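Letters go in sequence order (proteins before strands), and every chain restarts at 1. Keep in mind it's a predicted model, so treat the numbers as computed, not measured.
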Protein chains: 2
Amino acid sequence: MRPAKTLERVVPIGTLAERTGVKVETIRYYEQVGLLPEPERSEGNQRRYGRAHVERLAFIKHARDLGFAVESIRTLLRLSDTPGMACDEAHAIAAEHLEEVRDKIARLRSLEAELARIATVCSGGVAASDCAVIEALADHSHCEHHSH
Amino acid sequence: MRPAKTLERVVPIGTLAERTGVKVETIRYYEQVGLLPEPERSEGNQRRYGRAHVERLAFIKHARDLGFAVESIRTLLRLSDTPGMACDEAHAIAAEHLEEVRDKIARLRSLEAELARIATVCSGGVAASDCAVIEALADHSHCEHHSH
DNA sequence: CCTACAACCTGTAGCCACTACAGCTTCAAG
DNA sequence: CTTGAAGCTGTAGTGGCTACAGGTTGTAGG
């Protein structure tokens with residue numbers, strides 16, 4: 001009997017996928033774009049991953065889950081590989097991304113307000129002769145805010 | 001002397017672009033995917049738009065600005081062309097989109113919280129030996145919330 | 001009437017971050 | 001040794017544009 005999967009040190013791509021929650025195709029994609037280094041291969045040319053790969057892929061997944069762009073992750077990985085790490089740069093990337101996320105939230109909130117107004121008018125007791133949703137889209141002057 | 005541009009009833013694509021704030025290439029794209037009907041052509045095969053096109057494109061732009069998918073806009077346009085309009089369906093599309101926007105906001109807020117925590121720790125008075133941003137990304141257990 | 005040049009035309013490729021095949025080969029359990 | 005899951009490469013598709021390349025047309029000034 002072989003050791004349990006969670007204990008094996010050298011694993012095929014499917015097991016790496018299970019452990020990290022990243023799909024097999026996505027792992028190969030990350031390799032292709034240079035986020036994940038090319039692993040060793042079996043005699044039959046299949047990828048064999050070690051502990052370092054698991055950790056690196058977990059890093060990538062976490063960063064992607066937080067919405068970092070692949071390009072930013074490339075930089076963050078490079079920084080984390082650097083001995084005398086440039087923490088300033090890592091912090092700048094995180095701060096910039098935080099700004100982007102906040103901008104996106106602000107924009108979505110403005111959309112939300114406008115959509116809520118449109119949808120509410122329509123579901124409310126407006127005369128059914130014309131559809132309020134269609135009307136609102138046809139005529140921008142119905143908008144309360146023109147920021148969008 | 002010709003009438004001023006804003007008064008002309010039949011205009012080329014560039015003028016339509018100016019009036020609606022939609023780029024020329026995007027207008028051609030909308031035609032290609034069937035949102036905007038094919039206009040008449042000049043003798044030299046150039047597109048000539050009338051008032052109806054301006055209104056339809058304004059509708060499309062407004063809907064896109066509100067984040068509706070092209071596919072939803074296709075349906076909304078079909079509904080608006082229908083005499084006995086199915087307002088229910090239009091309302092359902094708007095309501096569904098509002099839900100999506102709210103979901104997106106919720107997800108982004110959770111990201112924002114996590115990112116703010118990471119960025120703040122790093123800019124705060126943490127010992128400089130290891131970078132908190134890199135650490136946080138490397139080790140998911142540092143997260144307070146595991147929802148993402 | 002002619003020239004110059006902006007605006008137009010079609011068609012194709014690129015962007016991001018995957019995802020989904022098609023058509024093979026390899027691995028491992030029974 | 002057989003079978004079937006899992007692996008392999010390479011390509012195309014997603015959404016909603018955007019950006020060319022390489023040509024044609026429209027129009028204002030001279």
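If you find the closest nucleotide of DNA chain D to B:V70 and to B:G44, the one lying nearer the 5' end belongs to B:V70. In terms of position on DNA chain C, the residue among A:N45 and A:Y29 whose nearest nucleotide sits closer to the 5' end is A:Y29.
Looking at heavy-atom distances under 4.0 Å, B:Y30 makes contact with sugar-phosphate atoms alone, never a base. Within 4.0 Å of A:R47, counting heavy atoms only, lie sugar-phosphate atoms of the nucleic acid but no base atom.
Between A:R41 and the phosphate of C:dT25, there is no side-chain N or O to OP1/OP2 separation shorter than 4.0 Å. Distances shown here put a side-chain N or O of B:S42 below 4.0 Å from the OP1 or OP2 atom of D:dG26.
The CZ atom of A:R48 sits 13 Å away from the P atom of D:dA6 (whole-angstrom rounding). Counting to the nearest Å, the C1' atom of D:dA21 and the CZ atom of B:R28 are 13 Å from each other. Note: CD1 (A:I13) to C1' (C:dC27) measures 15 Å, nearest angstrom. One can place CD of B:E25 at 11 Å from P of C:dC9, the figure rounded to the nearest angstrom. In this structure, the OH atom of A:Y49 is 16 Å from the P atom of D:dA6, given to the nearest Å. As rounded to whole Å, 13 Å separates atom C1' of D:dA12 from atom CD of A:Q32. The distance between atom CD of A:E43 and atom P of D:dA6, rounded to the nearest whole Å, is 22 Å. Atom P of nucleotide C:dC24 and atom CD of A:Q46 are separated by 18 Å, given to the nearest angstrom.
Tested against B:F59 for a side-chain contact (heavy atoms from CB on, under 4.5 Å), the candidates B:L35, B:L36, B:L76, B:V54 yield a single pass: B:L76.
For the pair B:R117 and B:E114, the salt-bridge criterion is met [side-chain N within less than 4.0 Å of a carboxylate O]. Salt-bridge annotation for B:R28 and B:E25: absent, with no side-chain N of the basic residue lying under 4.0 Å from a carboxylate O of the acidic one.
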Determine, stepwise, if the pair A:R74 / A:E71 fulfils salt bridge (charged side-chain N to carboxylate O under 4.0 Å, His left out). CA-CA 5 Å; A:R74 209 191 307 280; A:E71 191 49 47; 3.2 Å; yes
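No donor-acceptor pair under 3.5 Å is formed between the side chain of B:R19 and the backbone N or O of B:A58.
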